[in-house]
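Worksheet for the structure shown next.
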Amino acid sequence: MTDHVRIGVLGASMIAPSAVIRPARSSTVAEVVAVAARSAARAKAFADKHGIARVHGSYEELLADPAVDAVYNPLPNGLHGKWTLAALEAGKHVLCEKPFTANADEAASVAKAANASGLVVMEAFHYRYHPLAIRVAEIIKSGVLGPLRHVEASVCFPLPMFSNIRYDYSLAGGAMMDAGCYAVHMARLLGDEEPEVRSAKALLRGPSIDRAMRASLRFPSGHTGSVHASLWSATVLKLSMKAIGENGTLSVLNPLGPHAMHRLSLKLKDKKSTETFGKRPTYAYQLDAFTGAVLHGKPFPTTADDAVKNMTVIDSIYRAAGLPLRQPTP
């Protein structure tokens with residue numbers, strides 16, 4: 001592997017076509033070459049639909065395939081850590097869907113293995129690789145807003161299908177895991193520091209499953225923060241982030257999907273400006289970053305160490321809300 005990354009997909013996942021299969025078709029350095037599922041028949045049906053050459057009837061078979069350089073791990077949350085570790089043991093680079101693991105302790109174990117392996121392990125926060133998020137980071141780092149006062153991030157979308165795995169505690173489900181991991185990551189980006197969780201309140205689907213969550217944060221420099229995540233609540237759809245500083249406000253509409261409607265607004269004391277970006281999907285930029293790291297050692301922000309920090313905040317939110325931490329699926 002010198003100029004090409006051959007990717008295998010763990011699981012016949014609904015997100016895989018958007019996340020890696022279609023972006024790889026327009027890439028000159030990436031190719032999805034294999035898929036594995038819980039049964040060979042399921043894997044073959046997925047491969048036939050998406051034009052994937054190699055089919056494996058188990059995840060172990062795919063990891064043993066010498067024609068695979070890297071794996072995309074879109075399995076249920078509770079299986080992310082287990083199969084990322086297995087991929088590293090097999091010598092494969094990993095693009096792991098968010099949230100990285102079931103909890104922070106598991107994330108720390110995976111990060112330790114990732115750092116020792118010399119392989120690329122990237123958490124798939126695709127939004128972070130789009131020019132919109134890069135521009136947000138530039139504005140925050142520039143100090144143009146002045147001392148920060150408050151940051152907030154909301155990721156709320158409707159998912160009333162309660163049999164969905166995102167409502168399954170045994171698979172490390174919950175609104176804070178699947179939507180809130182984004183909101184926490186965005187708040188950390190805007191706040192430019194690691195926050196302390198001051199309080200949290202959940203709306204429940206079951207005894208241990210949050211269908212929505214709100215949390216209040218405080219950052220070491222004194223500014224406050226809030227995150228709001230929902231899979232089913234009165235807030236049907238809200239995708240936004242905002243940073244309020246002494247000198248002005250940065251607002252972003254739809255930071256997750258800039259290939260659709262999106263907008264960055266900057267309001268300072270003496271001027272207002274609005275920016276939009278191209279329609280190239282966030283996932284295409286993410287694949288560029290992943291292949292760049294694998295082939296050329298290029299740095300990237302959503303590392304395993306960063307994932308530990310994100311999971312630490314998520315765990316703190318669950319504790320503050322009086323809910324149990326998510327656990328790895330056996």
Side-chain angles (χ1 to χ4, degrees), residues 1-102 110 119-124 126 159 161-168 170-173 177-178 259 281-284 286-288 290-291 294-295 328-330:
M1 184 186 63
T2 56
D3 61 358
H4 206 72
V5 181
R6 300 168 299 176
I7 300 171
V9 178
L10 294 178
S13 166
M14 291 178 63
I15 192 60
S18 296
V20 294
I21 295 172
R22 287 197 289 270
R25 288 177 186 150
S26 61
S27 171
T28 60
V29 295
E31 181 183 5
V32 177
V33 299
V35 62
R38 288 168 291 180
S39 73
R42 190 162 182 257
K44 186 177 186 306
F46 188 87
D48 289 346
K49 181 177 180 179
H50 297 290
I52 300 172
R54 303 169 75 85
V55 175
H56 296 288
S58 72
Y59 306 145
E60 292 90 348
E61 286 180 14
L62 185 144
L63 295 182
D65 188 342
V68 172
D69 305 310
V71 299
Y72 171 58
N73 180 357
L75 297 171
N77 301 339
L79 295 172
H80 284 173
K82 174 181 178 178
W83 288 103
T84 294
L85 287 172
L88 291 174
E89 290 171 3
K92 313 297 186 186
H93 304 279
V94 183
L95 175 62
C96 181
E97 267 303 335
K98 37 51 62 186
F100 192 60
T101 53
V110 176
L119 296 165
V120 172
V121 178
M122 175 185 286
E123 187 174 16
H126 57 99
L159 187 68
M161 297 172 287
F162 298 120
S163 61
N164 188 279
I165 62 172
R166 291 165 180 81
Y167 292 103
D168 191 336
S170 70
L171 295 175
M177 294 292 282
D178 277 277
H259 56 285
T282 52
Y283 291 111
Q286 177 177 259
L287 187 60
D288 287 350
F290 182 66
T291 56
V294 170
L295 296 173
T329 303

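Numbering starts at 1 and runs along the sequence shown.
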Practice prompt. Using modelled atom types only, decide if a donor and an acceptor are shared between the side chain of K92 and the backbone of V68 within a distance under 3.5 Å.
Written response: yes
Worksheet item: Going by heavy atoms in the side chains, are H50 and P17 under 4.5 Å from each other?
Response: yes
Worksheet item: Who pairs with K98 by side chain to side chain contact (heavy atoms under 4.5 Å, CB included), at least two apart in sequence or on another chain?
Response: E123, F125, D178, C181, Y182
Worksheet entry | Criterion side chain to side chain contact (heavy atoms under 4.5 Å, CB included) on I15 and Y72, from CA distance to verdict | CA-CA 11 Å; I15 192 60; Y72 171 58; 3.3 Å; yes
Item to complete: Determine, step by step, whether I52 and I21 satisfy the side chain to side chain contact (heavy atoms under 4.5 Å, CB included) criterion, reporting the C-alpha distance in whole Å, the side-chain angles of both residues, the deciding distance to 0.1 Å, and the verdict.
Response: CA-CA 9 Å; I52 300 172; I21 295 172; 4.0 Å; yes
Fill in: side chain to side chain contact (heavy atoms under 4.5 Å, CB included) involving S58 - partner list, sequence neighbours excluded
E60, E61
Worksheet, complete the sentence: In short, A12 meets F46 closest at the heavy-atom pair CB-CD1, 3.6 Å
Discussion item. Which heavy atom of A172 sits nearest to which heavy atom of G78, and what is that distance?
Written reply: CB-N, 3.6 Å
Response to the item:
Between P99 and N77, the two heavy atoms sitting closest are CD-OD1, 3.3 Å
Fill in: Audit row: Y59, V71, side chain to side chain contact (heavy atoms under 4.5 Å, CB included) steps and yes/no
CA-CA 10 Å; Y59 306 145; V71 299; over 6 Å; no
Item to complete: Ignoring hydrogens and angles, tell me if any N or O in the side chain of H93 forms a donor-acceptor pair with the backbone of V120 under 3.5 Å.
Response: yes
Fill in: Spacing of T28 atom OG1 and D288 atom CG [to the nearest 0.5 Å]
8.5 Å
Worksheet, complete the sentence: Rounded to the nearest 0.5 Å, the CG atom of L295 sits from the CG atom of D69 at a distance of 8.5 Å
Practice prompt. Report the residues that fulfil ring pair (Phe, Tyr, Trp, His ring centres under 6.0 Å) with H56, sequence neighbours left out, ordered by chain and then residue number.
Written response: none
Fill in: Residues, nucleotides or ligands: over 12 heavy atoms within 6.0 Å of R25 CZ
yes
Worksheet item: Just how far is it from atom CD1 of I7 to atom CG of L95, taken to the nearest 0.5 Å?
Response: 7.5 Å
Worksheet entry | Straight-line distance of T329 OG1 to L79 CG, nearest 0.5 Å | 4.5 Å
Worksheet item: Any idea how F162 and Y167 line up, ring-wise: parallel (<30°), tilted (30 to 60°), or perpendicular (>60°)?
Response: perpendicular
Discussion item. Donor-acceptor pair, distance only, cut-off 3.5 Å: does the side chain of T84 make one with the backbone of H80?
Written reply: yes
Worksheet entry | Distance, nearest 0.5 Å, that separates CG of L62 from CH2 of W83 | 10.0 Å
Discussion item. Regarding R22 and S26, do their side chains bring together a donor and an acceptor under 3.5 Å, going by distance alone?
Written reply: no
Response to the item:
In terms of heavy-atom contacts, A30 and S27 come closest through N-OG, 3.1 Å
Discussion item. Measuring from atom OG1 of T291 to atom CD of E31, what distance do you get when rounded to the nearest 0.5 angstrom?
Written reply: 13.0 Å
Discussion item. I need the minimum non-hydrogen distance between L75 and G11, along with the two atoms involved.
Written reply: CD2-CA, 4.2 Å
Worksheet item: Looking only at heavy atoms, what is the nearest atom pair of A40 and V55, with distance?
Response: O-CG1, 3.9 Å
